[in-house]
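A short write-up of the structure that comes next.
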Amino acid sequence: MKKKIGIHWFRNDLRINDNPSLNYLSRNYDNILGVFIFDEINANPKLGSASKVWLNYSLEYLKKQLNGNLIVFKGEPKECLDELIHFFDAREISWNRCYEPWIIKRDKKLKIYLNEKIKVNSFNGSLLWEPWEILKNDKTPYKVFTPFYKRGCLSAANPRIPKSEKINFFDHNFRVTNISDLDLLENKMWENEILSQWRVGEDSSNEIMKSFFQNGVQNYSEGRNFPNKKNVSRLSPYLHWGQVSPNSIWYEVNSLKNLKHDDLEVFKSELGWREFAYYLLYHFPYIQRKNLKSNFDNFQWIDDSSSFKKWSQGLTGIPIVDAGMRELWQTGYMHNRPRMIVSSFLVKNLLIHWKRGEEWFWDCLFDADAASNSASWQWVAGTGTDSTPYFRIFNPVTQGQKFDPTGEYIRKYVPELKNLPIKFLFSPWECPNEILKNINLKLGKDYPHPIVDLKESRQRALSTYEQLRMNK
DNA sequence: AATTAATTTGT
DNA sequence: CAAATTAAT
């Protein structure tokens, strides 16, 4: 007798544990097929370089978890799934939902098409609350984080409790596309460098979560601001790819004993910000490209490729900015504090369009996430709803002094400044020539002069943003 | 999730 | 005169 087969389509849920679609199938089918489709045809935007690297090794890991039985395709999902359903005579297919506009559009069509042949089901595998569940009393979406989170999310039904089941993956001999055939890897040297401090895969994400909850989450509400402290989870890439579910994190942190109230609430609210980003992208899908506040559409951004290039390379001459940008390039990640500093610098001091920064982050970040990335850039630029006010312009010198007081973060990523006394580490241009001579550091040669005057560019940003406010 | 300058308070 | 508070951006 033929075995009953259900297909699970892996997307941004590269895990076995707490996977609603897999759990569902395992209750109804003796055997499950796991399939991943690399869809470059519909993707918009296409995956960034760092994301491809992460995906490559994540798929290899997942394939091992499935005893080699992960089926990998490259191409149009409709055709790939057709072939698979036909070959295995599968009875049902299911997946966990994604919320990127291009995926919603693709999946909607696909669902209608597949429904003609077999049962199709989708589940919530990556959000604590789905966007349509949280609405104001007048049925319109929230636009401000605090009411969204407190009145919306926290007073709604509790998130699904994580659950892991034994999944029987079908042992097959279907033709296999090698993961290497997906051509996800391009630049070995850079890839080895950025991967060197990461361990990709579901089990690593669980270990990282557990060890963060044992140590780093203590004093989270304070310590999370300091890029040199171990008080951030660094779970964002795993969360993006679904190697850990937000539900697992939510309930795990809730179960901790001896965690200060503030640390718990602030940590959870960061998951809340992730929810808010997905929420905004769902309800306002154009925020990936266009200002959420349309009065910014005529804003006088400066198209300055030379400054942008220096920013992206970490050669602005402002140490904390360069440290952040180099952390990004070298590790595929940037701590949240420098993320805010470098983006404020690009958007306000340089007056370069947030979209250019968003695209650079998209290409370089392991945790590149359409929702969080666009929402965060618009937050910094002031073009989003509930974003930072136009006059909040980070001073990268005082930010450095406050949040990297020992200078360790700067010295780590901008080693040419390692001998600079702490007094001038945040503003080398103020360092007396005598000291520069002593440590053999030539500004303009070993390290650049600042590409903009902080005071002047701050004034320029204020007046440019002020104009916009007048014209409203 | 900020900065700066002006102003008041504290020792 | 430094530190804290406040107003304005």
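To find a chain, count down the sequence lines: A is the first, B the second, and so on, and within it residues start at 1.
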For the residue pair [X] and [Y], does the interplanar ring angle fall in the parallel (under 30°), tilted (30 to 60°) or perpendicular (over 60°) class?
X	Y	answer
A:Tyr279	A:Tyr142	tilted
A:Trp198	A:Phe366	perpendicular
A:Tyr413	A:Tyr409	perpendicular
A:His8	A:Phe10	perpendicular

Side-chain donor/acceptor of A:Asp386 to backbone N/O of A:Phe145, under 3.5 Å: yes
Sorted by number, the residues of residues 368-388 of chain A with heavy-atom contact under 4.0 Å to DNA chain C: none
Rounded to the nearest Å, what distance is computed from the [atom1] atom of residue [X] to the [atom2] atom of nucleotide [N]?
X	N	atom1	atom2	result
A:Leu468	C:dT9	CG	P	17 Å
A:Phe394	B:dT3	CZ	P	6 Å
A:Phe391	C:dT9	CZ	P	10 Å
A:Gln401	B:dA2	CD	C1'	15 Å

Partners meeting side-chain contact (heavy atoms from CB on, under 4.5 Å) with A:Asn121 (sequence neighbours left out): A:Tyr24, A:Glu92, A:Ser94, A:Phe123
Under the 3.5 Å Watson-Crick or G-U criterion, the dot-bracket string of DNA chain B, with | for inter-strand pairs: .|||||||||.
Within 45° cone of A:Tyr465 ring axis and under 6.0 Å: A:Lys348 NZ or CZ: yes
Can you tabulate the close N/O pairs, meaning under 3.5 Å, that link protein atoms to atoms of nucleotides 6-8 of chain C?
none

Determine the contact category for [X]: base if any of its heavy atoms lies under 4.0 Å from a base atom, sugar-phosphate if only primed atoms, P, OP1 or OP2 are that close, otherwise nothing.
X	value
A:Ser344	nothing
A:Tyr465	nothing
A:Arg458	base
A:Lys348	nothing
A:Gln399	sugar-phosphate

Nucleotide nearest [X] when distance is taken to its side chain, options [options]:
X	options	answer
A:Leu462	B:dA5, B:dT3, C:dT9	C:dT9
A:Tyr390	B:dA2, B:dT3, C:dT9	C:dT9
A:Lys402	B:dA2, B:dT3, B:dA5	B:dT3

A:Arg337 vs A:Lys402, side-chain contact (heavy atoms from CB on, under 4.5 Å): CA-CA, chis, key distance, verdict: CA-CA 11 Å; A:Arg337 174 59 50 176; A:Lys402 234 190 228 171; over 6 Å; no
Derivation and outcome, side-chain contact (heavy atoms from CB on, under 4.5 Å), residues A:Gln399 and A:Met340: CA-CA 10 Å; A:Gln399 284 283 312; A:Met340 291 192 291; over 6 Å; no
Under 3.5 Å, which donor-acceptor pairs link side chains of residues 423-431 of chain A to any protein atom two or more places apart or in another chain?
unit_1: A:Ser427; atom_1: OG; unit_2: A:Glu430; atom_2: OE1; d: 2.8

Any A:Tyr333 side-chain heavy atom under 4.5 Å of A:Leu328 side chain: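 Result no, sub-4.5 Å side-chain heavy-atom pair not found.
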Residue pairs passing the ring-ring contact (aromatic ring centres under 6.0 Å, His included) test where at least one lies in residues 244-268 of chain A, sequence neighbours excluded: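 The answer is A:Trp129-A:Trp250, A:Phe212-A:Phe267, A:Phe213-A:Phe267, A:Tyr220-A:Phe267.
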